[in-house]
4 protein chains.
Amino acid sequence: MPRTKKDVVTEFRTSEILRAAHRVFAERGFEQATMEDIAKVAGVAKGTLYLYYASKQDIYAAALHRCAVELTARTSSALDGAAGVEDKIRAFIAAKLRFFEEHRDFFRLYDQEFGRLPHRHGAKGRHVDELYLAQVTALEHVLQQGVRGRVIRPIRTQAVARAILDMSRSLATRRLREPGHGDLEDDIAFAFDLTWKGIGHR
Amino acid sequence: MPRTKKDVVTEFRTSEILRAAHRVFAERGFEQATMEDIAKVAGVAKGTLYLYYASKQDIYAAALHRCAVELTARTSSALDGAAGVEDKIRAFIAAKLRFFEEHRDFFRLYDQEFGRLPHRHGAKGRHVDELYLAQVTALEHVLQQGVRGRVIRPIRTQAVARAILDMSRSLATRRLREPGHGDLEDDIAFAFDLTWKGIGHR
Amino acid sequence: MPRTKKDVVTEFRTSEILRAAHRVFAERGFEQATMEDIAKVAGVAKGTLYLYYASKQDIYAAALHRCAVELTARTSSALDGAAGVEDKIRAFIAAKLRFFEEHRDFFRLYDQEFGRLPHRHGAKGRHVDELYLAQVTALEHVLQQGVRGRVIRPIRTQAVARAILDMSRSLATRRLREPGHGDLEDDIAFAFDLTWKGIGHR
Amino acid sequence: MPRTKKDVVTEFRTSEILRAAHRVFAERGFEQATMEDIAKVAGVAKGTLYLYYASKQDIYAAALHRCAVELTARTSSALDGAAGVEDKIRAFIAAKLRFFEEHRDFFRLYDQEFGRLPHRHGAKGRHVDELYLAQVTALEHVLQQGVRGRVIRPIRTQAVARAILDMSRSLATRRLREPGHGDLEDDIAFAFDLTWKGIGHR
DNA sequence: AATGAATGAGGCTTCATTCAT
DNA sequence: GATGAATGAAGCCTCATTCAT
């Protein structure tokens, strides 16, 4: 099944468009972004966008999806690369924060979608939700493993997994909101520490 | 200083418009909401909106502000009404979650603004930011008190205060995202427990 | 037929409204002037305007009419007060220029209407046209008298009368357009001289 | 430098839009003219107007400018084509009146702008003012030449140049105001005669 | 008579989408 | 396939006019 030249071009265009869409949606948000903007950044004509995607909505969904895929890949490999439960959790948090630190555009997009309730573009998020759930599940497995090994006290693992996701997202938000927020590693350590020990005095 | 009838009417209109704006902005988001929508829900003509607010932006800002004020009032009195440090924190989390549970529209609006990075309507949020900071500070004082009394271990109180705010917002988001999410009191207990003890086994 | 108090009030209001209308229309032109503006300057409420005039159009027409009446009165008495033909013409030109110099608002209004072709408010001008014609006729009589007395060469008196009106209006326009235009008396002398002798060398 | 087909289309559209704008602005004036009207007359959709001009103001300015350019071209070539001072002046007046007679729309537009004081759209007229001044200057040179050659008596040439411009504009206004005004050539002769000889008996 | 809050038609402008080249 | 000119629906806002008080 040889990839034709057409395939290559298609892939290239698709990729350029998504990259552009990312940037534009991240900068301006869904409504303020215009097809014109995206086309310009992508280096194609406005009409071309419609050869690859059916609508603005579709481009947004695709951009968001790619964003989620990349993040998921990152966190998955972080989990795989770490040894014990404690390290896995720390690695997870670190991976997420580092990823966002490096790809602020991605984060802005991700944040627009996950930090809040959906209104209207709801439908677009189907696949994205699955990726989100995949992350939750992966983290949940780690937690369950920790509970079984008595490293973690008995807790509602799914709820905690989500709380960890939320906390890291919130932290990333804050880091972008307030530039000069301090050392990233400190924040990672802080988030992990809080997660792990809570605030109560022993 | 007798309030004239005019004042009453003005107040009534203002209030009706804000109520309507709340609903519409919450349902559709800033961009998708139309002045027409708001007017219809408020039961007035489009032009009337402009007798009370100078622009769509202004209405949004006012609605958001009212939202923040009400929430802040709620959490403040929760803090005041609780006795010890532990109770205060629990009360704070509970107040926030209950408030949002009761006023879903408020939350949707609040969430649109606080759960994410600002793009453009940034300027509108000046006062709102102050209210947010007031909450952070109030909670921070409680935490400092706890640290001094050795009820709470030595931590970066501001960062933790923010983390608590974020966690409760995230939880509220999830509750609205997924209806039938379970008992509210359970979630409150969970959030507090996690905050207080962390996940680590002692 | 004793004038009731009502009549006095009516007259006062009418007058105030027209004065205000003058100023506002002169400053902003018909379309840019708002009823709100006029009401504010007149010191009455917007609704009150409609008790005295049926529409914005009507106010405009009335203001214009008053303007024309005052100007006509001025030029008429100038003609009456001067002795010979030559003096009458000079006095006419002088009266017009001086009047506009003193009442720039009037001129702006007058100019908006007479310096140009009518488009839409055409109907309003009926009475005003009559006043304009009255001026033409008055001046024409003087010219005819001059022709009969051989002081003026045989010419189409009506056309010349209009030309004189136009020239003085144009001069006034230029004086307002370009502040610091020079001495008024010089311009009067110039206009008369040009009118009287033409530019040809004898 | 081959003109592409695109250039041709662009030029055509631009021209059609200006032609339409001319007509509409001439008929209704700036404020009463709507973009809808212009689009309809131009045979394009409303949005298309904005592909060629940034705003209603811009279209107006462009239409006015074209109007002034065409008139200036006409009067310039009239001056060039005539021999002596006397003929040049007559040719100038004739050119202006004939031009307006043939292009009534142009005149209506021109008149709206030049016969009166500017209020607000003032800024638009920069280039147009230059063209006006160019006319004044051209005519002034002729007058100066006449003065030097003793064909014209010593006069303030600039003021007279302006007076001639004004008189011809006024005459054109009158011709359009009152249809059936009589033979154009008669009016030209009259205007020149009056200008040249004045009204005084020799 | 006077008020001014309320109305809603209508204008300018933007932009997602289409389609002829 | 690629283009970008053209479209026209839709939104924010203004303001002449009305009418209940």
Side-chain angles (χ1 to χ4, degrees), chain A residues 5-6 9-10 13 30-40 42-60, chain B residues 4-6 9-10 12-13 31-40 42-59, chain C residues 5-6 9-10 13 30-40 42-60, chain D residues 4-6 9-10 12-13 31-40 42-59:
Chain A
K5 190 173 64 179
K6 204 179 77 174
V9 171
T10 293
R13 285 272 191 252
F30 180 78
E31 323 275 355
Q32 293 294 327
T34 70
M35 295 300 268
E36 184 69 44
D37 292 333
I38 296 173
K40 207 163 282 173
V44 298
K46 235 187 318 178
T48 306
L49 300 180
Y50 288 87
L51 296 177
Y52 296 94
Y53 296 94
S55 68
K56 190 183 176 184
Q57 272 301 333
D58 266 26
I59 297 185
Y60 184 78
Chain B
T4 66
K5 189 169 52 178
K6 201 183 78 173
V9 171
T10 293
F12 174 70
R13 284 275 188 251
E31 324 271 359
Q32 292 295 326
T34 73
M35 294 302 267
E36 184 72 45
D37 292 334
I38 296 174
K40 211 162 279 173
V44 298
K46 237 184 318 174
T48 305
L49 300 180
Y50 289 88
L51 296 177
Y52 296 93
Y53 296 94
S55 67
K56 188 183 175 184
Q57 271 298 335
D58 264 27
I59 296 188
Chain C
K5 188 171 65 177
K6 204 179 77 173
V9 171
T10 294
R13 285 271 190 253
F30 180 78
E31 323 275 355
Q32 293 295 325
T34 71
M35 296 300 268
E36 184 69 44
D37 291 334
I38 297 172
K40 207 163 283 171
V44 298
K46 234 186 319 176
T48 306
L49 301 179
Y50 288 87
L51 295 177
Y52 296 94
Y53 296 94
S55 67
K56 189 184 176 183
Q57 272 302 333
D58 266 26
I59 297 186
Y60 183 79
Chain D
T4 66
K5 190 169 51 179
K6 201 183 80 174
V9 172
T10 293
F12 174 71
R13 284 275 189 250
E31 325 271 358
Q32 290 297 325
T34 72
M35 293 302 267
E36 183 72 44
D37 292 334
I38 297 174
K40 211 163 279 174
V44 298
K46 238 185 316 175
T48 305
L49 300 180
Y50 289 88
L51 295 178
Y52 296 93
Y53 296 95
S55 67
K56 188 183 176 184
Q57 271 298 335
D58 263 28
I59 296 186

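Quick caveat: nothing in here was measured; it's all calculated off a predicted structure. Just so it is clear: chains get the letters A, B, ... in the order the sequence lines come, proteins before strands, and each one is counted from 1.
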Report task. Return the nearest nucleotide to the side chain of T48(D); candidates are dC12(F), dA6(E), dA6(F). Result -> dA6(F)
Query raised in the report: Step by step, would you call Y52(A) with D58(A) a side chain to side chain contact (heavy atoms under 4.5 Å, CB included)?
Result: CA-CA 10 Å; Y52(A) 296 94; D58(A) 266 26; over 6 Å; no
Requested in this report: May I have the distance from Q32(C) (atom CD) to dC12(E) (atom P), rounded to whole angstrom?
Outcome: 12 Å
Query - Separation of dG11(F) P from I38(B) CD1 (nearest whole Å) - result: 12 Å
Requested in this report: Classify the nucleic acid contact of Y53(B) as base, sugar-phosphate or nothing, counting any heavy atom under 4.0 Å across all strands shown.
Outcome: nothing
**Report entry** Point-to-point distance, once rounded to the nearest 0.5 Å, from CD of Q32(D) to CG of D37(D)
**Finding:** 9.5 Å
Report task. Please name the pair of heavy atoms, one in M35(B) and one in S55(B), separated by the smallest distance, quoted to 0.1 Å. Result -> CE-C, 4.4 Å
Report summary line: OH of Y60(A) to CD of E31(A), rounded to nearest 0.5 Å, is 9.5 Å
Query - Euclidean distance, atom CE of residue M35(C) to atom P of dA5(E) [Å, nearest integer] - result: 17 Å
Query raised in the report: Given that G43(C) and Y50(A) both sit by DNA chain E, which one's nearest nucleotide is further toward the 5' end?
Result: G43(C)
**Report entry** Between C1' of dT17(E) and CD1 of I59(A), the distance in whole Å
**Finding:** 12 Å
Report summary line: If pairing means Watson-Crick or G-U wobble with both distances under 3.5 Å, then the partner of dT17(F) is dA6(E)
Query raised in the report: To the nearest angstrom, how far is Y52(B) atom OH from dA5(E) atom P?
Result: 7 Å
Report task. Tell me what A33(C) touches on the nucleic acid: a base, only sugar-phosphate, or nothing, going by heavy atoms under 4.0 Å. Result -> sugar-phosphate
Query raised in the report: Checking all strands, does S55(A) fall into the base, sugar-phosphate, or nothing category for heavy-atom contacts under 4.0 angstrom?
Result: sugar-phosphate
Query raised in the report: Ignoring hydrogens and angles, does a donor from either the side chain of K46(C) or the base of dT17(F) sit under 3.5 Å from an acceptor on the other?
Result: yes
Requested in this report: Figure out the CG/P separation between L51(A) and dT17(E), and round it to whole Å.
Outcome: 14 Å
Query - Proximal nucleotide (of dA2(E), dA6(F), dT3(E)) relative to the V44(C) side chain - result: dT3(E)
Query raised in the report: When the distance from CD of E31(A) to C1' of dC12(F) is rounded to whole Å, what number comes out?
Result: 15 Å
Report task. Establish, with yes or no, whether the OP1 or OP2 oxygen of dA1(E) is under 4.0 angstrom from a side-chain nitrogen or oxygen of R13(C). Result -> no
Report summary line: Result for 5'-nearest mapping on DNA chain F, choosing between A45(D) and K56(C), is A45(D)
Report summary line: Rounded to whole Å, CG of D58(B) lies from C1' of dC13(F) at a distance of 13 Å
Requested in this report: Could you let me know what dA1(E) is paired to, Watson-Crick or G-U wobble, both distances under 3.5 Å, or none if it's on its own?
Outcome: none
Query raised in the report: Can you name the closest pair of heavy atoms from A33(A) and K56(A) and give their distance?
Result: O-NZ, 2.8 Å
Report summary line: Contacts of E36(C) and L49(A) projected onto DNA chain F by closest heavy atom; the upstream (5') one is L49(A)
